[in-house]
Amino acid sequence: MPTYRSKFVSLPDDQAFYRQAEEGPFLTDPAHVANLLRERGVSVDDSAVISNVPRICFTSVQDEVGYSVYKELNEKEIDAFRGVISIGKNSFIESDSDRPPFHSACTKLTSVKANANPPGKITIGDRVQMIGVAIVSYSHVEICDDVGIAPLVTIMDCDGHTTEGRGTDTEIARLEVLPVKIGNGSWIGTGAVIMKGVEIGKNCVVSANSVVFRSVPDGSIVMGNPARIIKSLKNQKTSPLSRSLMD
């Protein structure tokens with residue numbers, strides 16, 4: 001049965017992160033949050049803004065015979081995760097669930113090391129804006145530059161469990177893991193789910209509450225469950241965030 005070992009890099013109730021901000025609508029100083037995340041193994045560019053405290057976790061899961069137990073990673077095991085989560089230049093990561101005027105949540109980033117595989121990478125590019133997003137990576141989830149992600153979006157490169165033989169001592173080895181990539185300038189609407197193996201092209205729009213399980217070509221608007229292309233943004237040279245979608 002799979003055995004899980006985790007280390008929470010940060011949690012919203014971790015008082016070590018709380019220090020009064022000099023200015024702005026922040027519950028805690030973004031620079032202080034970023035510095036602590038760096039100390040704990042997350043790569044954060046100096047210009048990135050981490051608003052409030054995200055939930056970031058390193059997890060190792062192993063196939064073993066016997067009863068599943070939960071333990072904390074030791075320092076040597078944590079070293080394998082250092083740098084696998086990175087946040088690029090001028091990106092903005094929001095984790096406040098109370099102050100936004102719309103439904104939101106704490107941002108959650110989880111890197112998973114499955115059996116002898118390397119930990120999953122989460123690469124957040126430059127000028128990315130996200131609020132209340134959940135990302136789980138067993139291999140690689142890449143968010144490219146100038147991407148906007150609305151609240152309550154889930155992005156995973158693995159289902160996290162099998163549909164048959166759950167809880168057996170071979171479950172983790174049988175997981176299907178396929179990287180996910182969201183291209184430059186794309187927008188992901190509230191409540192969307194991006195599933196394993198999906199590559200969303202440049203300058204795309206994923207409509208709210210869509211479930212995307214197939215890749216999306218550049219300049220497309222997709223909608224629905226399952227998501228289908230409803231419009232092509234022809235000759236789109238800039239992010240859909242910067243112009244009317246009806247042009």
Side-chain angles (χ1 to χ4, degrees), residues 4-19 21 26-61 70-100 104-114 117-126 128-144 147 149-158 160 177 179-180 182 188 194:
Y4 295 85
R5 300 171 64 86
S6 296
K7 175 64 177 180
F8 286 99
V9 176
S10 59
L11 286 168
D13 62 356
D14 186 341
Q15 294 303 307
F17 283 91
Y18 287 90
R19 176 181 294 176
F26 303 112
L27 295 177
T28 185
D29 182 1
H32 175 62
V33 174
N35 284 335
L36 272 184
L37 291 180
R38 293 186 195 101
E39 291 176 8
R40 299 183 182 190
V42 179
S43 177
V44 182
D45 187 83
D46 288 343
S47 61
V49 175
I50 313 299
S51 175
N52 304 303
V53 185
R55 178 254 190 218
I56 298 179
C57 186
F58 300 150
T59 295
S60 176
V61 57
Y70 290 83
K71 298 180 180 179
E72 187 166 294
L73 293 171
N74 60 43
E75 289 300 321
K76 183 177 180 180
E77 292 169 325
I78 291 171
D79 283 342
F81 288 85
R82 292 189 177 278
V84 298
I85 297 177
S86 62
I87 300 171
K89 298 176 181 177
N90 296 306
S91 287
F92 179 81
I93 312 297
E94 175 63 85
S95 289
D96 192 341
S97 61
D98 297 323
R99 295 192 181 192
S104 188
C106 171
T107 290
K108 299 181 178 183
L109 307 177
T110 304
S111 169
V112 182
K113 183 181 186 303
N117 296 319
K121 295 172 62 179
I122 298 175
T123 305
I124 298 171
D126 298 340
V128 172
Q129 297 187 44
M130 63 169 64
I131 174 172
V133 177
I135 301 175
V136 182
S137 175
Y138 283 66
S139 174
H140 193 192
V141 173
E142 181 179 6
I143 313 297
C144 295
V147 170
I149 308 180
L152 309 179
V153 169
T154 300
I155 305 170
M156 299 178 67
D157 64 2
C158 178
V177 178
V180 172
I182 299 176
I188 314 298
I194 313 299

Student: Any chance you could measure I155, atom CD1, to I188, atom CD1, to the nearest 0.5 Å?
Tutor: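 Answer for the CD1-CD1 pair, I155 versus I188, is 6.5 Å.
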
Student: Roughly how far, to the nearest 0.5 Å, is the CG atom of L37 from the CD1 atom of I56?
Tutor: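 Separation between the atoms: 4.5 Å.
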
Student: I need the single residue from R5, E72, K7 that forms a side-chain contact (heavy atoms from CB on, under 4.5 Å) with E77. Which is it?
Tutor: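 With E77 as partner, R5, E72, K7 yield a single side-chain contact (heavy atoms from CB on, under 4.5 Å), made by R5.
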
Student: Just to verify, what does P151 make a side chain to side chain contact (heavy atoms under 4.5 Å, CB included) with, not counting sequence neighbours?
Tutor: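 P151 satisfies side chain to side chain contact (heavy atoms under 4.5 Å, CB included) with F102, S104, I131, T190 once adjacent residues are dropped.
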
Student: Of the non-hydrogen atoms in V49 and P30, which two are nearest, and what is the gap between them?
Tutor: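 Looking at all heavy atoms of both residues, the closest pair is CG1-CB, 4.0 Å.
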
Student: Taking all heavy atoms of S111 and all of G120, pick out the closest pair and write down the distance.
Tutor: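 Distance-wise, the nearest heavy atoms are OG-O, 2.6 Å.
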
Student: So, for G125 and S91, which heavy atoms are closest and what is the spacing to 0.1 Å?
Tutor: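 Between these two residues, the closest heavy atoms are O-OG, 2.7 Å.
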
Student: Within this structure, what is the SG-CG distance for the pair C106 and D96, rounded to the nearest 0.5 Å?
Tutor: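 Separation between the atoms: 9.5 Å.
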
Student: Which heavy-atom pair separates R40 from F17 by the least distance, and what is that distance?
Tutor: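 Closest approach of R40 to F17: NH1-CE1, 3.3 Å.
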
Student: Looking only at non-hydrogen atoms, find the nearest pair between G41 and F58 and report the distance.
Tutor: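 For G41 and F58, the tightest heavy-atom pair comes out as O-CZ, 4.3 Å.
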
Student: Is there side-chain contact between V53 and L11, with at least one heavy-atom pair below 4.5 Å?
Tutor: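 Side-chain contact under 4.5 Å: no.
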
Student: Heavy atoms, side chains only, cut-off 4.5 Å: are D29 and Y18 in contact?
Tutor: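 No - every pair of side-chain heavy atoms lies 4.5 Å or more apart.
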
Student: Mind checking the CG-CD1 spacing from L36 to I50? Nearest 0.5 Å is all I need.
Tutor: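 The CD1 atom of I50 is 12.0 Å from CG of L36, to the nearest 0.5 Å.
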
Student: For a quick check under 3.5 Å, do T110 and R55 share a side-chain donor-acceptor pair by atom type?
Tutor: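 Yes, a side-chain donor-acceptor pair sits under 3.5 Å.
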
Student: Within the distance-only criterion (no hydrogens, no angle test), does the side chain of D45 pair as donor or acceptor with the backbone N or O of G88 below 3.5 angstrom?
Tutor: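 No; judged by distance alone, with no hydrogens or angles, the pair does not exist.
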
Student: Can you name the residues that form a side-chain hydrogen bond (donor to acceptor under 3.5 Å, both in side chains) with S43, not counting sequence neighbours?
Tutor: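 With sequence neighbours excluded, S43 shows a side-chain hydrogen bond (donor to acceptor under 3.5 Å, both in side chains) to no residue whatsoever.
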
Student: Does a side-chain N-to-carboxylate-O contact under 4.0 Å join R82 and D79?
Tutor: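 Looking at R82 and D79, the cut-off is met.
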
Student: Under the 3.5 angstrom rule, does the side chain of N117 hit a backbone N or O of K113 as a donor-acceptor pair?
Tutor: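 Absent.
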
Student: Output, in order, the C-alpha distance, side-chain angles, deciding distance and verdict of side-chain contact (heavy atoms from CB on, under 4.5 Å) for T59 and Y4.
Tutor: CA-CA 7 Å; T59 295; Y4 295 85; 4.2 Å; yes

Student: Closer than 3.5 angstrom, by distance alone: can the side chain of S47 be matched with the main-chain N or O of K89 as a donor-acceptor pair?
Tutor: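 Side chain of S47 to backbone of K89, a donor-acceptor pair under 3.5 Å: no, none is there.
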
Student: Without placing hydrogens or testing angles, list every side-chain donor-acceptor pair under 3.5 Å for residues 133-144, not counting sequence neighbours.
Tutor:
| residue | atom | partner | partner atom | Å |
| --- | --- | --- | --- | --- |
| S137 | OG | K121 | N | 3.2 |
| S137 | OG | K121 | O | 2.8 |
| S137 | OG | H140 | N | 3.4 |
| S137 | OG | D157 | OD2 | 3.4 |
| H140 | NE2 | T123 | OG1 | 2.8 |

Student: With a 3.5 Å distance limit and no angle check, can you tell me whether R38 reaches the backbone of V44 through a side-chain donor-acceptor pair?
Tutor: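 Here the side-chain-to-backbone pair exists.
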
Student: Ignoring hydrogens and geometry, is there a side-chain-to-backbone donor-acceptor pair from S95 to N52 under 3.5 Å?
Tutor: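 Between the backbone of N52 and the side chain of S95 there is no qualifying donor-acceptor contact (under 3.5 Å).
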
Student: Indicate the atoms forming the closest heavy-atom contact of I85 with V42, along with that distance.
Tutor: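 That would be O-CG1, 3.6 Å.
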
